[in-house]
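Okay, so here's the structure we're looking at.
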Amino acid sequence: MSPTRTDRLRRRQILSGASVALAATAGCLQQIRNLAGRERSSPLSLSIKTLPTDADPYAIRIARTLADALETVGVETQLHPMAREELYRQLLVTHDFDLYVAPLLGQTDPDFLRPLLHSQFVGERGNQNPFGYVDLATDDLLDAQRRASRRDRQSPVVDLQEAVAQAQPFTVLAYPDDVIAGRTDRFSGWSEHPPTTAIAYLAATRERPDADVLTAALRDPRPTRNLNPIAAEYRGRGTVTDLLYDSLAREHGEAVSPWLATRWEWVDGTDGGLRATVHLREATWHDGRALTAADVAFTYRFLRDTSLGEADAPVPAERFRGRGSLVTDASVVDDRTVELAFGDTARGVARRALTVPILPRHVWRSRTGAATVAGVSVSEETTRALVWSNTNPIGSGPLRLHALEEDRRVVLTPVRDHFSGSLDGEIGEVVGDGPAFDRLVFEVVPSDAVAVQAVREGQVDVTATPLGAPVVSELEAAVADDPIEMVVDPSPVFYHVGYNVRRAPLSNPRFRRAVARLLDKRHVVESVFDGYAMPATSPLATTDWLSSALAWDGTDPVLPYFGSDGELDVERARAAFVEAGYRFRDGALHQR
């Protein structure tokens, strides 16, 4: 917050007064010195950054509701909708925000909270602690859950959730439903495997012999501009890059199944740390070179430090810092075997490290230097790997890039001899003997309404991006008239308010708790999501890790709303800000 013109005038008046006082008595001089810095406080002002309506119809409505509530209690508030990659660049890279409203991809394993909240990552970029939150007790709980066995892990995870709910570095609002529209006359299987994951496209069933092109409507154009799997501001769920790049294992439901790895064996090392010997399938990169254990070992070293020692300090990959940090060392045993060391980590947590994309050493090794723009070095803390658009990706995944048109489409084609066509086990049953199409096209559409219309007219087969609740009635009409199914599934994504705790007054947990109570989550679910969501208090609300003390029982069990049915009790809200250490002057909230 910058000082207002009135503040500046007031300071000049004091300084002017101080000059006069120099010619006056020493007693007056002392009194004026005592006054310096005690001028009247300025009204608090905050900004809320979020996505525009055409990018996310939910986030902007929640942000407006919060902005209205803040204004009502006396906080001047500016709302800043901005393009998706610019928003995430400001949130995750430059940390230039007061508050924001956005969706966040949750995960079933509680360890995803460690990079999000641990003070070890407070100075890093990407999905690592964008709030700037520091609390040593929380750090201890985050470390404890990582070391504990499944049986002993529940206790620190419960304590962690409850501590975070009290401190509010971010406010969990709701888990929406994923609403998907898919035609069933050309391809099917959408209800069994909703197309918000890469696996779903490999599992799709062809219904007609002439259906050789599967077209999916994409509401998020970022994959048409950037296919760098480690670029934090360009990746959401990562569906497209997951089709281009393999990982040692794939998550499907709550299971982590072998993928590029045929198997792995866990061993407790002599140093007390956990180790895994990983055996690889035969695979090749899309440029024809063989994928070997050296590429796997390179990937884990690279995720920990994309400069590979060229910078003064490690420059970790921004998107996979949490999972990458699990692996402390990676060494090649032979061309098809690699050994990973995990330190003091439980096996259930260590498995998460097996799901990162494996990168070709011969492509990424040359991108370890400092990023430059037109020959000008930007920062040693930013490597070329982190800012590379990677529009000609070389992966080893089941699909390869065929064509890319910015803001229009991404076209992928199957790698016919890819090992995914001969997998066994549960995941083998899901993906079958290979993709049921000759070409997969992700077509960018400007709105949910256009996406639904395109499905109705047969221009696209399925919506790759979940639709907003406002188009559900139109979609229901389409289901009645056309060979279309509507799939409604709980989303792994939750909406939240993020606070930049590096800045006052958001550095004050009492202030954040008061802000959190300005939103009626139950009313938000009804008015913003049209009921297609579940109000929540914990980021683990959809998992069996949820603390019973945080279970939703009709109201927020920790920070209930200041009012009812969306009607704010202004006096109660203002009293909470006063208790938090602030005061009101002429209806505006001031720092004391």
- prompt: About how many Å separate OG1 of Thr171 and CG of Asp556, when rounded to the nearest 0.5 Å?
  reply: 9.0 Å

field: Arg513-Gln166 side chain donor-acceptor pair, cut-off 3.5 Å
entry: yes

field: Between Tyr499 and Asp98: side-chain donor-acceptor atoms closer than 3.5 Å
entry: no

- request: Determine the sole option in Gln154, Gln161, Glu162 for which the side chain to side chain donor-acceptor pair (under 3.5 Å) test with Ser547 is passed.
  value: Glu162

field: Distance flag, aromatic centroids of Phe442 and Tyr201, threshold under 6.0 Å
entry: yes

- prompt: Within 45° of the six-membered ring axis of Tyr561 and under 6.0 Å from that ring's centre, is NZ or CZ of Arg522 located there?
  reply: no

query: Within 45° of the six-membered ring axis of Trp190 and under 6.0 Å from that ring's centre, is NZ or CZ of Arg183 located there?
result: no

Close side-chain approach of Gln107 to Pro492, heavy-atom, < 4.5 Å: no

task: Return the minimal non-hydrogen interatomic distance between Pro229 and Asn390, and the atom names on each side.
output: CD-ND2, 3.8 Å

task: Measure the CH2-CG distance between Trp545 and Leu160 for me, rounded to the nearest 0.5 Å.
output: 11.5 Å

- prompt: So which heavy atom on Leu243 is nearest to which on Leu440, and how close?
  reply: CD1-CD2, 3.8 Å

Pair Thr224, Glu406: side-chain N/O donor-acceptor within cut-off below 3.5 Å: no

- prompt: Side chains of Arg235 and Asn226: do they bring a donor and an acceptor to under 3.5 Å?
  reply: yes

Glu318 versus Asn127, side-chain donor and acceptor atoms under 3.5 Å: no

Gln128 and Gln120, any side-chain heavy atoms less than 4.5 Å apart: no

message: Counting the benzene-type ring for Trp, do Phe529 and Tyr495 have ring centres under 6.0 Å apart?
response: yes

query: So which heavy atom on Thr184 is nearest to which on Ile484, and how close?
result: OG1-N, 4.3 Å

field: Partners meeting side-chain contact (heavy atoms from CB on, under 4.5 Å) with Arg409 (sequence neighbours left out)
entry: Glu405, Val411, Val441, Glu443

- request: Could you tell me the separation between the CZ atom of Arg250 and the NE2 atom of His252, rounded to the nearest 0.5 Å?
  value: 12.0 Å

message: Within the supplied structure, the quantity of interest is the number of heavy atoms (other residues, nucleotides, ligands) at a distance under 6.0 Å from Arg89 CZ; does it exceed 12?
response: yes

- prompt: Parallel under 30°, tilted from 30 to 60°, perpendicular over 60°: which one fits the rings of Phe131 and His496?
  reply: perpendicular

task: Check the surroundings of atom CD in Glu86: do more than 12 heavy atoms from other residues, nucleotides or ligands lie under 6.0 Å from it?
output: yes

message: Tell me the closest heavy-atom pair linking Asp520 and Gly566, and the distance in Å.
response: OD2-N, 3.0 Å

message: Under the rule for ring-ring contact (aromatic ring centres under 6.0 Å, His included), what residues qualify as partners of Phe577, not counting sequence neighbours?
response: Phe511

query: Do the side-chain N and O atoms of Asp139 and Ser119 include a donor-acceptor pair separated by under 3.5 angstrom?
result: yes

task: May I ask you to decide whether Arg219 forms a salt bridge with Asp56, counting only side-chain N to carboxylate O separations under 4.0 Å?
output: no

message: Given Asp109, which partner from the list Arg153, Arg351, Arg114 fulfils the salt bridge (Lys or Arg N to Asp or Glu O under 4.0 Å) test?
response: Arg153

- prompt: Going by atom types alone, do Arg502 and Asn500 pair a side-chain donor with an acceptor below 3.5 Å?
  reply: yes

query: Does the side chain of Glu207 pick up a donor-acceptor pair with the side chain of Ser188 at under 3.5 Å?
result: yes

- request: Classify the side-chain pair Glu476/Ser473 by whether it contains a donor and acceptor separated by less than 3.5 Å.
  value: no

